[in-house]
Amino acid sequence: ALPISRVGESAEAERALQVFEQLMQSSPGALGTLVRINIMALVGRQDEAIDELTKIYSRPIPRLRYSPEWDCLRGNPRFDAWLKQPEPNK
């Protein structure tokens, strides 16, 4: 789903996301959750993606601040405001 969404095939990526979400129900994990949220953002579900991120992390972790995979959310006022918070344990 990630490669599909990055080339602009959002309908196909949305279908792949649905399959991925079904798989996640049987074996959830932190990395899989971040991948799912990233795909949501890439296919235009930014508000939903930000809602999910802020449920999981009370404050942004370095990966979310610096990884280019999250560039799809940069410029979103909610995401940018959330990123301005200090990192956990700081």
Side-chain angles (χ1 to χ4, degrees):
L2 272 173
I4 296 168
S5 62
R6 289 192 176 139
V7 296
E9 299 290 336
S10 61
E12 183 65 26
E14 189 70 40
R15 284 190 292 278
L17 176 59
Q18 290 172 358
V19 170
F20 186 75
E21 287 176 331
Q22 290 172 351
L23 292 171
M24 287 286 301
Q25 289 176 1
S26 62
S27 90
L31 180 59
T33 299
L34 284 177
V35 169
R36 180 180 57 81
I37 293 169
N38 187 249
I39 295 169
M40 289 166 48
L42 286 165
V43 299
R45 294 165 53 185
Q46 290 192 353
D47 287 332
E48 190 176 348
I50 294 167
D51 289 344
E52 291 288 321
L53 284 173
T54 57
K55 282 182 201 171
I56 296 169
Y57 302 106
S58 60
R59 296 178 183 204
I61 58 173
R63 177 180 183 164
L64 299 174
R65 290 182 192 275
Y66 306 113
S67 177
E69 68 187 305
W70 298 99
D71 286 352
C72 56
L73 288 176
R74 296 188 208 299
N76 180 301
R78 285 182 60 210
F79 186 72
D80 292 343
W82 185 65
L83 287 180
K84 289 180 184 178
Q85 296 181 44
E87 292 176 14
N89 302 321
K90 295 226 175 194

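All values derive from a computational prediction rather than experimental measurement. Just so it is clear, the values below take in all heavy atoms, side chains as well, and ignore hydrogens, waters and symmetry mates.
R74 places a side-chain N or O within donor-acceptor distance of the main-chain N or O of R65, the cut-off being under 3.5 Å.
For the atom pair CD1 (I61) and OH (Y66), the distance works out to 12.0 Å, reported to the nearest 0.5 Å. Interatomic distance, SG of C72 versus CE of M40, reported as 11.0 Å (0.5 Å rounding).
Smallest separation of non-hydrogen atoms from Q46 and A41: CG-O, 4.0 Å.
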**Asked** Given W82 and I50, is the side chain to side chain contact (heavy atoms under 4.5 Å, CB included) satisfied, shown in steps?
**Response** CA-CA 9 Å; W82 185 65; I50 294 167; 5.7 Å; no

**Request:** List the steps, then state whether side chain to side chain contact (heavy atoms under 4.5 Å, CB included) holds for N38 with V35.
**Result:** CA-CA 5 Å; N38 187 249; V35 169; 5.7 Å; no

**Message:** Pair R78, D51 - check side chain to side chain contact (heavy atoms under 4.5 Å, CB included), show working.
**Reply:** CA-CA 10 Å; R78 285 182 60 210; D51 289 344; 2.6 Å; yes

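The residue from L83, L53, L42 that alone fulfils the side-chain contact (heavy atoms from CB on, under 4.5 Å) condition with W70 is L53.
Contact check for L34 versus R63: side-chain heavy atoms found under the 4.5 Å cut-off.
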